[in-house]
Amino acid sequence: MKNDILNSIENIRHTDSGMFFLLAGPCVVEGEQLLMTVAETMCELCDRYQIPYVFKASYRKANRSRSDSFTGIGDIQALKLLAKVREEFKVPVVTDIHNAEEAQMAAEYVDILQIPAFLCRQTDILQAAARTGRVVNIKKGQFLSPEAMRFAADKVAAEGNNKVMLTDRGTTFGYTDLIVDMRSIPLMQTTGYPVIVDITHSLQQPNQSSGVTGGQPQMIETIARASIAAGCDGLFIETHPDPSQAKSDGANMLKLDKMEGLLKNLSVIKKAINTL
């Protein structure tokens with residue numbers, strides 16, 4: 001089922017390479033130039049290392065700590081820019097939705113609908129996403145066990161859509177930290193669906209007193225290496241040319257010019273894992 005789901009995505013490349021697949025891009029659509037810069041770099045790198053690639057950006061950030069935080073440039077304007085990336089680079093695109101009404105709207109512009117972790121149990125959102133026929137990537141809530149994600153996936157499958165992906169993004173560890181439990185990967189893989197590890201969000205430090213989420217980007221390669229070694233099917237990584245200037249989640253993003261070194265190292269690990 002895993003390969004069938006990946007191969008069902010239009011314009012995805014290198015699905016027979018034996019590599020992990022990658023969802024990567026900026027946290028949120030800030031403007032056209034950012035999207036084009038990141039997409040050009042990532043498409044080139046993933047072709048070089050034969051990594052199946054999906055461009056990622058949220059058209060809107062509905063979950064922010066403070067009311068004065070940046071949320072987006074406008075839904076339709078942002079979705080049209082995502083569609084432009086999709087067309088110009090012939091690459092599939094994933095974006096978040098935040099309520100049931102957004103599912104059909106977003107599905108007209110992207111290939112994968114992503115359900116944010118805090119919303120992974122919301123039945124109406126899962127059902128609406130399923131009914132679009134798009135692949136549905138469900139992020140595991142920080143408060144859920146990996147075993148409980150089976151029920152979220154079942155809600156999508158019950159609508160006649162078996163194109164599901166499951167993503168771990170860390171588990172709450174106290175108020176201001178997350179922990180990545182590698183046991184979550186094989187446990188969620190028992191569903192038969194591809195399992196992704198969200199590297200950058202797993203390294204967030206939420207609920208800071210400043211109202212701005214912190215992060216540990218220096219640990220990105222550590223968690224990514226461990227995830228590949230533990231057998232995940234895909235990785236999710238947010239990246240930006242200058243994370244210090246990013247309008248959302250800059251504290252835990254990988255600087256774009258460090259992506260090549262990371263992917264080179266991870267591809268070596270994946271090739272070694274494939275020989276076992």
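Because the structure is a prediction, the values reported are computed rather than measured.
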When rounded to the nearest 0.5 angstrom, what distance separates [atom1] in [X] from [atom2] in [Y]?
| X | Y | atom1 | atom2 | answer |
| --- | --- | --- | --- | --- |
| Asn161 | Thr132 | CG | OG1 | 6.5 Å |
| Ser58 | Gln114 | OG | CD | 7.0 Å |
| Lys271 | Tyr49 | NZ | OH | 9.0 Å |
| Ile228 | Asn265 | CD1 | CG | 11.5 Å |
| Ile97 | Asp75 | CD1 | CG | 12.0 Å |
| Arg225 | Ile223 | CZ | CD1 | 12.0 Å |

Test log, rule side-chain hydrogen bond (donor to acceptor under 3.5 Å, both in side chains), inputs Gln127 and Thr123:
CA-CA 6 Å; Gln127 291 173 335; Thr123 302; 5.8 Å; no
For a side-chain hydrogen bond (donor to acceptor under 3.5 Å, both in side chains) check, start with the C-alpha distance between Thr239 and Lys258, then their side-chain angles and the critical distance, and finish with the verdict.
CA-CA 9 Å; Thr239 184; Lys258 293 184 178 180; over 6 Å; no
Does a sphere of radius 6.0 Å around [atom1] in [X] hold more than 12 heavy atoms from other residues, nucleotides or ligands, not counting ones at 6.0 Å or beyond?
| X | atom1 | value |
| --- | --- | --- |
| Asn7 | CG | yes |
| Glu87 | CD | no |
| Arg13 | CZ | yes |
| Phe143 | CZ | yes |

Salt bridge Glu159-Lys155, side-chain N to carboxylate O under 4.0 Å
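Salt bridge absent between Glu159 and Lys155.
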Could you verify whether a donor N or O on one side chain and an acceptor N or O on the other, from Asn137 and Thr167, lie under 3.5 Å apart?
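Thr167 and Asn137 do have a side-chain donor-acceptor pair below 3.5 Å.
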Exercise: identify the closest heavy-atom pair between Met149 and Cys120:
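Closest pair (atom of Met149, atom of Cys120, distance): SD-SG, 4.4 Å.
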Does Phe236 have any ring pair (Phe, Tyr, Trp, His ring centres under 6.0 Å) partners at least two apart in sequence or in another chain, and if so, which?
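Partners of Phe236 by the ring pair (Phe, Tyr, Trp, His ring centres under 6.0 Å) criterion, ordered by chain and then number, come out as His201.
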Hey, quick one: are [X] and [Y] part of the same hydrophobic cluster, counting side-chain heavy atoms closer than 4.5 Å, chains of contacts allowed?
| X | Y | value |
| --- | --- | --- |
| Val268 | Leu254 | no |
| Met188 | Ile179 | no |
| Leu79 | Ile73 | yes |
| Ile185 | Phe173 | no |

If you define the side chain from C-beta out and look only at heavy atoms, does anything of [X] sit under 4.5 Å from [Y]?
| X | Y | answer |
| --- | --- | --- |
| Val54 | Asp111 | no |
| Pro241 | Leu34 | yes |
| Ile237 | Met259 | yes |
| Cys232 | Phe21 | no |

Please lay out, stage by stage, how Tyr193 and Asp233 fare under the test side chain to side chain contact (heavy atoms under 4.5 Å, CB included).
CA-CA 9 Å; Tyr193 298 118; Asp233 301 291; over 6 Å; no
Among Asn162, Leu113, Ile138, which one satisfies side-chain contact (heavy atoms from CB on, under 4.5 Å) with Val156?
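Output: one option passes, namely Ile138.
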Let me see the working for Val110 and Ile112 under side chain to side chain contact (heavy atoms under 4.5 Å, CB included), right down to the final yes or no.
CA-CA 6 Å; Val110 303; Ile112 302 174; over 6 Å; no
Heavy-atom donor-acceptor pair, Ser267 side chain to Lys264 backbone, under 3.5 Å
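Yes, the answer is positive, given that a donor and an acceptor are paired below the 3.5 Å cut-off.
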Please confirm whether the backbone N or O of Ala39 pairs with a side-chain atom of Tyr53, one donor and one acceptor, at under 3.5 Å?
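Between the backbone of Ala39 and the side chain of Tyr53 there is no qualifying donor-acceptor contact (under 3.5 Å).
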Test log, rule side chain to side chain contact (heavy atoms under 4.5 Å, CB included), inputs Asp168 and Val195
CA-CA 8 Å; Asp168 189 9; Val195 171; 5.5 Å; no
Indicate, with yes or no, if the rings of Tyr59 and His98 have centres closer together than 6.0 Å.
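Between Tyr59 and His98, the centre distance is under 6.0 Å.
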